[in-house]
Amino acid sequence: MEARKEIKELTEKAIKKLYGLDFSVQVLIPKDKSLGDYAISSALGIKREKKALEIAAEIKEEIKSDVFSKIEVIEPGFINFFLSPEFLKQELLKKEFFDSLDIGQGKKVQVEFVSANPTGPLTVGNGRGGPFGDVLGNVLKRAGFKVEKAYYINDYGQQILALGRSILKQSKEYSGKYIDDLGLRVKESDPYLAGRKGAQIILEEMIKKTIEGLGIKYDEWFSEAKLHEKGEVDKTIDLLKKKGWLYEKEGATWFRATAFGDERDRVLIKSNKEKTYLAGDLAYHRYKFEKKKFDKVINVWGADHYGDVVGLKAGMEALGHKDKTDIVLLQFVTVIKEGKPVKMSKRLGTAIIMDDLLEELSPDVIRFFFLAKAANTHLNFDMDLAKEQSEKNPVYYIQYAYTRICGILKKAGQFKKTGNLDLLINEKEIELMKQIYRIRETIEDTATDYQLQRIPQYAIDLAASFHRFYQECQVLTEKEDLKKQRLTLVSLTKNALKQVLDLMGVSAPEEM
RNA sequence: GUCCCCGUAGCUCAAUCGGAUAGAGCGACAGACUUCUAAUCUGUAGGUUGUGCGUUCGAUUCGCACCGGGGACACCA
């Protein structure tokens with residue numbers, strides 16, 4: 001039984017019984033610890049003649065549960081719940097505590113992220129999707145989904161032609177040292193074929209290397225060109241035609257996206273008979289749902305693709321896959337150096353790239369900095385600050401907690417975990433247990449709303465609770481029973497900390 | 001011109017469908033190592049949440065209007 005669920009169920013039942021209302025109770029966590037571990041403000045939202053305080057008192061009277069040691073009613077109508085230490089200990093000692101989350105219920109989810117055009121090195125902006133998508137996938141997996149991480153390779157279309165022409169020195173659409181290098185290696189003289197070849201090399205030797213450097217592993221690299229070659233794009237267009245959602249205008253074939261709430265219709269086949277990006281993307285998403293049977297698809301895009309969200313969703317609705325595609329938009333990244341935004345990479349003469357960061361910072365630090373910010377905030381990545389703080393950094397703070405744990409366990413040697421924790425009554429011990437207990441709800445919430453910054457925040461909170469416990473409670477004491485129980489708690493902390501570090505893809509060093 | 005995101009402590013950012021005294025880290029200041037690693041802990045200072053109205057018992061959160069920063073408005077991908 002989870003405490004939050006217990007509160008929600010009991011209070012909703014009480015409200016139903018007392019007032020005959022079907023009320024959805026929202027459980028919150030008070031900012032001030034003295035106000036309890038959980039709280040509800042629902043009494044304030046029930047509009048009746050009675051005072052909220054009275055309503056809260058009546059609800060409280062209905063609630064009987066040994067999950068809580070205390071339930072308080074406070075002005076103007078809050079009900080505060082205090083977790084019972086006995087319940088807490090009992091829950092943490094359960095074998096399945098760390099691995100029985102199942103809000104995913106085995107549903108298949110694909111997370112597609114980065115998917116930067118293979119026309120150059122991975123920029124910082126595109127790269128932001130890397131840690132984000134990777135960690136989102138990890139979180140969903142932990143929450144009980146079957147997850148695939150995918151990179152969609154845009155190796156078809158205008159930008160490939162432009163890349164080929166640049167390699168062949170017929171244009172300067174793409175430039176930089178890497179284009180010159182490709183000019184020496186690519187033998188094809190046809191611009192499109194040269195572009196394809198160049199894109200392949202860029203993907204394999206530049207993008208994949210950077211991705212790997214960030215510690216990201218994909219399950220699938222999916223080629224847009226192959227989709228076209230296999231005729232999947234044509235099939236999808238035919239299907240939309242049969243359903244009556246297409247029309248011809250000025251030599252082009254249009255999709256009636258306005259019928260699904262889009263502000264304008266979208267071209268699928270241009271008047272020169274080439275297919276648009278959207279046509280390919282619709283075919284790709286059909287493939288995701290129909291061939292690979294995903295229940296849900298999450299696309300992590302840059303905010304510059306904001307205008308394409310409705311078009312894709314409209315298309316998927318027309319194809320019979322309504323509401324199965326979630327799109328997370330990541331706002332831009334500005335890299336700041338010496339107080340000024342950096343626009344260009346020194347090495348390549350292109351936009352600032354991920355490799356520039358990797359050169360100076362560990363992937364742990366980069367991942368953490370990126371993850372700690374909400375998707376919809378513009379991210380100012382201050383290189384100097386990141387470097388300067390690299391030794392006084394939240395990442396190290398968390399990792400240091402982990403090494404302290406490992407140090408204790410190593411010194412303690414073999415020990416048997418205790419089946420009860422009744423000697424642990426210190427305030428810091430209880431705090432630590434509460435913090436560990438919250439790992440489940442943190443993962444559940446994140447898997448539901450994709451607000452990934454919760455995870456690094458949780459990691460900091462957990463590390464802080466441990467550091468405070470460490471400061472006050474000597475684990476390896478003379479008192480054998482107490483020592484064993486504390487070692488058990490330390491070991492539980494280790495599990496939790498390791499789990500969040502793994503979720504974030506940040507290393508867990510045993511020594512520092 | 002229309003649409004989207006952002007504006008919170010000196011800096012980087014949080015704040016759970018609107019909740020209680022707006023929180024962390026870094027930086028500043030003052031303390032704590034004979035200890036399981038001080039990469040830590042304890043304390044202090046720091047805020048009219050861009051501005052102004054409004055809705056509400058209650059607004060950083062919702063609405064309207066401004067100001068400032070970024071982005072999108074293709075038969076490009």
Side-chain angles (χ1 to χ4, degrees), chain A residues 24 26-32 35 39-41 44-45 47 51-52 74-78 80 115 117 119 154 156-160 162 224 249-254 263-264 266-278 280-281 302-309 329-332 334 336 339 369 372-382 385-386 388-389 391-401 403-412 441-442 445-446 448-449 451 453-454 456-457 460-461 463-464 466-468 470-477 486-487 490 511-512:
Chain A
S24 176
Q26 203 65 30
V27 180
L28 25 117
I29 296 169
K31 283 164 189 160
D32 186 341
L35 296 172
I40 63 167
S41 60
L44 297 163
K47 303 254 181 194
K51 272 186 162 178
I74 288 184
E75 287 276 10
F78 289 95
N80 298 335
S115 300
N117 286 346
T119 51
N154 302 134
Y156 172 93
Q158 289 305 315
Q159 84 281 8
I160 297 300
E224 180 186 6
K249 192 177 96 184
E250 295 164 7
T253 301
W254 295 71
E263 58 187 11
R264 61 169 196 280
R266 310 266 173 171
V267 172
L268 294 185
I269 306 176
K270 299 185 254 179
S271 52
N272 67 5
K273 299 304 157 202
E274 280 174 17
K275 284 115 195 169
T276 60
Y277 180 81
L278 177 61
D281 216 17
D304 52 336
H305 287 83
Y306 155 74
D308 305 323
V309 172
L329 294 179
L330 292 176
Q331 294 297 323
F332 277 36
T334 307
I336 292 167
F369 265 72
K373 278 92 182 165
N376 57 3
T377 69
H378 300 264
L379 199 162
N380 286 314
F381 192 95
D382 189 326
L385 194 68
E388 190 184 302
Q389 289 185 3
E391 287 181 10
K392 285 207 164 184
N393 193 296
V395 184
Y396 293 87
Y397 180 83
I398 296 160
Q399 289 177 326
Y400 185 55
T403 68
R404 275 182 151 177
I405 289 170
C406 291
I408 294 170
L409 293 176
K410 193 177 172 190
K411 190 158 178 183
E441 42 198 62
T442 302
D445 290 348
T446 310
T448 306
D449 65 12
Q451 298 293 312
Q453 70 278 9
R454 287 174 206 284
Q457 189 56 54
I460 292 172
D461 292 343
F466 178 76
H467 283 308
R468 284 193 286 265
Y470 181 96
Q471 194 75 17
E472 194 160 315
C473 304
Q474 181 76 16
V475 176
L476 304 175
T477 69
R486 283 189 171 158
L487 278 169
V490 168
E511 288 174 5
M512 282 172 79

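Chain letters run A, B, ... following the sequence lines, proteins first and then strands; every chain starts at 1.
- Counting any heavy atom pair closer than 4.0 Å across all strands shown, A:Cys406 reaches no nucleic acid atom.
- Between A:Gln457 and B:G25 there is no side-chain N or O to OP1 or OP2 distance below 4.0 Å.
- The nearest heavy atom of RNA chain B to A:Asp304 and to A:Thr276 marks one nucleotide each, and the one closer to the 5' end goes with A:Asp304.
- Backbone-only contact: A:Ala372 has heavy atoms under 4.0 Å from sugar-phosphate atoms and none from a base.
- Distance CD (A:Gln331) to P (B:C13): 13 Å, rounded to an integer number of Å.
- Note on A:Asn80: a base of the nucleic acid sits closer than 4.0 angstrom, heavy atoms only.
- Across the protein-nucleic acid pair, A:Asn376 atom CG and B:G70 atom P stand 18 Å apart, rounded to whole Å.
- Proximity of a side-chain donor or acceptor of A:Gln159 to a complementary backbone N or O of A:Asn154 within less than 3.5 Å is detected.
- Here the side chain of A:Phe78 is nearest to one of B:C75, B:A20, B:U21, namely B:A20.
- Residue A:Arg404 has a polar side-chain atom (N or O) positioned under 4.0 Å from OP1 or OP2 of B:A38.
- Heavy atoms of A:Gln474 sit under 4.0 angstrom from at least one base atom.
- Across the P atoms, B:U16 and B:U60 are found 12 Å apart, a figure rounded to whole Å.
- Among the heavy atoms of the strands lying under 4.0 Å from A:Gln159 are primed sugar atoms or P, OP1, OP2 only; no base atom is included.
- Stacking between A:Tyr397 and B:A39 is absent: the ring centroid is not both under 5.5 Å from the six-membered base ring centre and under 30° in plane angle.
- Remark: side-chain polar atoms of A:Thr477 are not paired, donor with acceptor, to backbone N or O of A:Gln474 under 3.5 angstrom.
- With centroids closer than 5.5 Å and planes inclined by less than 30 degrees as the test, A:His305 and the base of B:A77 pass as a stacked pair.
- Between A:Asn117 and B:A77, a side-chain N or O to OP1/OP2 separation shorter than 4.0 Å is absent.
- Distances from the side chain of A:Arg264 to the nucleotides B:A74, B:U12, B:A20 place B:A74 closest.
- Taking atom NE2 of residue A:His378 and atom C1' of nucleotide B:G71, one finds them 7 Å apart after rounding to whole Å.
- Taking atom CG of residue A:Asp308 and atom P of nucleotide B:G71, one finds them 17 Å apart after rounding to whole Å.
- As judged by a 4.0 angstrom heavy-atom cut-off over every strand, A:Asp281 is placed among residues making no nucleic acid contact.
- Between the C1' atoms of B:G7 and B:C11, the separation comes to 15 Å (whole Å).
- Within 4.0 Å of A:Ala374, counting heavy atoms only, lie sugar-phosphate atoms of the nucleic acid but no base atom.
- Considering only side-chain atoms of A:Tyr470, the nucleotide from B:A38, B:U12, B:A77 that sits closest is B:A38.
- The gap from the P atom of B:A20 to that of B:C62 amounts to 15 Å, rounded to the nearest Å.
- Comparing the same atom, P, in B:A9 and in B:U49 gives a spacing of 10 Å after rounding to whole Å.
- Nucleic acid contact class of A:Thr253 (heavy atoms, under 4.0 Å, all strands): none.
- Phosphate contact (OP1/OP2 of B:C13, side-chain N/O of A:Lys373, threshold under 4.0 Å): absent.
- RNA chain B forms stems at B:1-7 with B:67-73, B:10-13 with B:23-26, B:28-32 with B:40-44, B:50-54 with B:62-66, each a run of 3 or more consecutive Watson-Crick or G-U wobble pairs whose two key distances fall under 3.5 Å.
- Distances shown here put a side-chain N or O of A:Thr377 below 4.0 Å from the OP1 or OP2 atom of B:A14.
- The gap from the P atom of B:A24 to that of B:C41 amounts to 12 Å, rounded to the nearest Å.
- Going from the P atom of B:A39 to that of B:C6 covers 39 Å, rounded to whole Å.
- Annotation: B:A32 and B:U51 have their P atoms spaced 41 Å apart (nearest Å).
- Under 3.5 Å, the side chain of A:Glu263 and the base of B:C3 form no donor-acceptor pair of N or O atoms.
- Whole-Å rounding puts the A:Leu379 CG to B:C6 P distance at 14 Å.
- Atom name C1', nucleotides B:G31 and B:G68: the rounded distance is 42 Å, in whole Å.
- If you check distances only, the side chain of A:Asn393 never reaches the base of B:A39 with a donor-acceptor pair under 3.5 Å.
- With its glycosidic angle more than 90° from 0, B:C11 is assigned anti.
- The side chain of A:Lys31 contributes no N or O atom lying less than 4.0 Å from OP1 or OP2 of B:G23.
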